Amino acid sequence: MRRVLLADQLATAVLWSIAGSVILILIAIIAHFLLAALPDFTPSFLIADPSTDVIGGVGPVLWNSVYVLALTMLVTVPLGVLGAVFMAEYAGTGRLIDLIRFSQELIGSVPSIVVGLFGFAVFVAATGWGFTALAGALALTVFNLPLMTRLAEQAMRAVPDDERSASFALGATKWQTIRHVVLPIAIPGLVTGVILTAGRVFGEAAALLFTAGLATPGRLNFANLNLLDPRSPWSPFHTATTLSVYLWRINSEGTGPVVDQVANLTAAVLIVAVLIFNLGSRALGQLLQRRITGTRS
Amino acid sequence: MRTDGLRVAYGSKEVLRGIDLPIAKGKVTALVGPSGCGKTTLLRTLNRLTDLTSTCSVSGIVTIDGEDCMAMDPVLLRRRVGMVFQKPNVFPMSIRENVLYGVKARGNGKTEYAEILESSLRKAVIWDEVKDRLDESALALSGGQQQRVCIARTLATSPEVVLMDEPGASLDPRSTQLLEESILAIRGDFTVVIVTHDIPQAHRVSDFLAFLYDGRVVEFGETRQLFAEPREHATKEYLEGGLVTVPPVGNVAAAAVPVSA
Ligand SMILES: Nc1ncnc2c1ncn2[C@@H]1O[C@H](COP(=O)(O)OP(=O)(O)O)[C@@H](O)[C@H]1O
Ligand SMILES: [Mg+2]
């Protein structure tokens with residue numbers, strides 16, 4: 001009896017220490033970069049232009065990260081949800097759906113650097129666009145669509161059949177049922193899918209190196225609203241070096257007196273941005289859930 | 001409505017084995033019988049919700065006003081034959097959106113939404129309880145209230161036939177009483193088919209009664225008559241005690257056949 005109790009206590013202790021060390025590692029990573037960056041940090045670092053001679057800033061690359069993220073989600077979310085509607089509501093069972101699922105899993109496990117090379121061949125070279133935010137977003141879509149579709153499909157399959165039956169019994173068509181009952185109820189799950197996919201986008205570098213570009217951007221001219229002009233920061237055709245790519249770039253081939261400080265500062269900004277993004281979207285997801293399926297409206 | 005020689009199977013398992021049932025227009029027909037005898041399946045066949053179950057196969061004849069239900073577009077059939085389920089399954093939307101859901105799905109824009117909303121909630125005996133909170137989530141209501149919203153939601157689409165699958169099964173006595181009031185209030189305007197395990201309830205609300213056993217109609221007739229003088233021993237046993245000790249044999253033809261819708 002004593003030994004059983006002891007084993008139980010031991011197991012509990014081991015599990016707790018594993019969980020504890022995960023938290024410690026997270027804190028250590030954050031602390032390491034924040035402490036390294038703190039002495040040199042000024043708010044202007046967030047908006048100033050990059051430089052390695054003096055401590056400049058990450059304004060344009062931060063903008064590019066947000067821009068590529070938004071563009072990727074703009075493509076991934078609708079495609080993922082439509083794909084999920086097909087998989088969950090129309091495909092039924094059979095060879096075709098098995099094949100789709102198999103391909104989904106395969107694409108999901110292709111290394112992102114390979115996706116980047118594929119993206120270069122198709123979205124950069126074949127299209128003749130060159131390195132663009134759009135090419136980066138499309139490469140990230142290839143990389144993320146399987147995950148988004150699978151999570152959206154799970155969210156839709158989790159909607160009870162009772163709700164579907166109720167809608168059909170009221171004379172609604174299949175599309176009306178999907179549009180007005182299944183999708184709204186699935187929203188919390190869809191939001192989770194969006195968060196997980198978007199989280200992968202923000203930190204991704206490999207898939208973007210050869211698609212969105214890795215040139216250190218100069219000053220962005222936000223007054224240029226021409227969406228087809230590659231010089232406009234608003235244009236999907238502008239070269240969009242993101243934070244992670246920029247960090248990789250200065251770490252691997254940066255020269256200059258302050259390159260280490262700039263790298264630490266950039267890493268800190270990246271970490272804080274990812275944290276803010278994750279916490280923010282989680283809060284948004286919970287808010288949406290309460291608004292839509294909640295007990296009070 | 002009526003069914004003739006209706007047979008329904010899930011895969012190779014036959015669940016309904018030849019149902020001949022007339023459903024009188026404007027009357028309440030109750031279906032009773034032990035669990036698993038096929039009552040829910042029969043209801044779901046009447047509005048072809050069985051189409052949603054891929055393993056389910058249906059043969060035989062189902063008609064509404066003489067038209068073949070199996071040949072219709074199921075969406076159009078369900079606009080004429082509504083259904084209230086055993087478990088209150090309101091949508092996670094406001095009470096107003098729940099009640100108007102089916103009306104809006106029909107998409108004929110000229111509709112008087114406010115009027116339909118009030119009249120159907122009144123018929124479902126819940127108007128007074130919810131009239132000041134129509135835009136609150138229906139999920140905030142009690143189970144009994146939710147079930148009456150489900151009834152209102154079905155009535156709002158003005159179907160010809162309302163199917164109810166043990167609508168009182170999960171309700172408290174007070175809610176059950178309101179539910180029965182509602183059924184009595186709509187009798188005449190709607191044809192109602194109600195499945196219930198509550199035999200006194202079947203006695204109170206129905207005009208006709210069918211006793212099902214193992215996929216067959218053992219006995220069918222006017223409710224009063226079935227209670228007063230059942231022809232089958234099994235019917236008598238079931239109506240008196242809810243238990244059947246000697247299983248009935250074969251399928252017994254309907255006695256007095258009413259004018260069917
Ligand atoms: N979707 C289904 N797939 C397979 N068998 C089913 C399904 N639904 C019901 N059945 C079976 O059909 C029989 C009748 O069920 P049901 O119509 O629900 O009976 P009741 O409502 O009278 O309790 C039961 O034996 C049940 O197990
Ligand atoms: Mg049942």
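Note that the coordinates shown come from a computational prediction; the quantities given were computed from them, not determined experimentally. First the proteins, then the strands, lettered A, B, ... as listed; each starts at 1.
Proximity to chain A (any heavy atom under 4.5 Å) is shown, for B:V84, by neither the backbone nor the side chain. Heavy atoms closer than 4.5 Å to chain B are found nowhere in A:T93, neither backbone nor side chain. Neither the backbone nor the side chain of B:V103 comes within contact range of chain A; no heavy atoms are under 4.5 Å apart. For a residue to count as touching a neighbouring chain, one of its non-hydrogen atoms must lie under 4.5 Å from one of that chain's; by this rule B:T157 touches chain A with the side chain only.
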Item to check | Check against side chain to side chain contact (heavy atoms under 4.5 Å, CB included), A:S165 and B:R44 | outcome: CA-CA 10 Å; A:S165 300; B:R44 291 173 75 91; 3.8 Å; yes

Checklist entry - Should A:R164 and B:L52 be marked as a side chain to side chain contact (heavy atoms under 4.5 Å, CB included) after you check the CA-CA gap, both sets of side-chain angles, and the distance that decides it? => result CA-CA 9 Å; A:R164 289 187 185 82; B:L52 305 182; 5.6 Å; no

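Contact count versus chain B (heavy atoms, under 4.5 Å) is highest, among A:A166, A:P160, A:A172, for A:A166. For chain A, the option among B:G102, B:A105, B:C150 with the highest count of heavy-atom pairs below 4.5 Å is B:A105.
B:M93 and A:H180 make their closest contact through CE-O, 3.3 Å (heavy atoms, listed as atom of the first residue, atom of the second, distance). In terms of heavy atoms, B:Y101 sits closest to A:S167 at OH-OG, 2.6 Å.
Surrounding NZ of B:K27 are at most 12 heavy atoms belonging to other residues, nucleotides or ligands under 6.0 Å away. Within 6.0 Å of NZ in B:K87 there are 12 or fewer heavy atoms belonging to other residues, nucleotides or ligands.
Using modelled atom types, no side-chain atom of B:R78 and backbone atom of A:A169 make a donor-acceptor pair closer than 3.5 Å. Put simply, the side chain of B:N89 gets close to the backbone of A:D162: a donor and an acceptor are under 3.5 Å apart.
Taken from CZ in B:R79 to CG in A:L170, the straight-line distance is 10.5 Å, to the nearest 0.5 Å.
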